[in-house]
Amino acid sequence: MSVSDEVTPGAEEQVRSIPEPNEREAPFHDRASYEKWRNARYSERARRLVREAMADADRLKAEGITDEEIDRRLLAVIDRIAPPS
């Protein structure tokens, strides 16, 4: 990775921590700032749950289940957890 004189100290390390390598090409400081904010805002548990949910959605799509069916299943779970008033 080439680094210009405009890179702030620690920014290169922040960019290396971005989990999706292709997104490292996104605007350098914007993505690093976003990742820093996201890591401060959300717990590791919350980020892990999101990764797992995304993997589950990809698996369901690979099985041929439509987005509409995935949405229907999600709403059914939400209704069981917090029934509408």
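Please read all numbers here as calculations on a predicted model, not as lab measurements.
- Partners of Arg41 by side-chain hydrogen bond (donor to acceptor under 3.5 Å, both in side chains), not counting sequence neighbours: none found.
- Partners of Glu68 according to the side-chain contact (heavy atoms from CB on, under 4.5 Å) rule, which considers only residues two or more places apart in sequence or in another chain, are Thr66.
- Interatomic distance, CG of Leu74 versus CG of Asp67, reported as 12.0 Å (0.5 Å rounding).
- Every residue meeting the side-chain hydrogen bond (donor to acceptor under 3.5 Å, both in side chains) condition with Arg47, not counting sequence neighbours, appears here in chain and number order: Asn39, Glu44.
- In this structure, the side-chain contact (heavy atoms from CB on, under 4.5 Å) partners of Lys36, at least two apart in sequence or on a different chain, are Gln14.
- Among pairs with a residue in residues 73-85, those fulfilling salt bridge (Lys or Arg N to Asp or Glu O under 4.0 Å) read Glu69-Arg73, at least two apart in sequence or across chains.
- Distance CD1/Ile65 to CZ/Arg72: 10.0 Å, rounded to 0.5 Å.
- Legend: residues meeting side-chain contact (heavy atoms from CB on, under 4.5 Å) with Ala57, ordered by chain and number and at least two apart, are absent.
- Atom CZ of Arg59 is surrounded by more than 12 heavy atoms from other residues, nucleotides or ligands within 6.0 Å.
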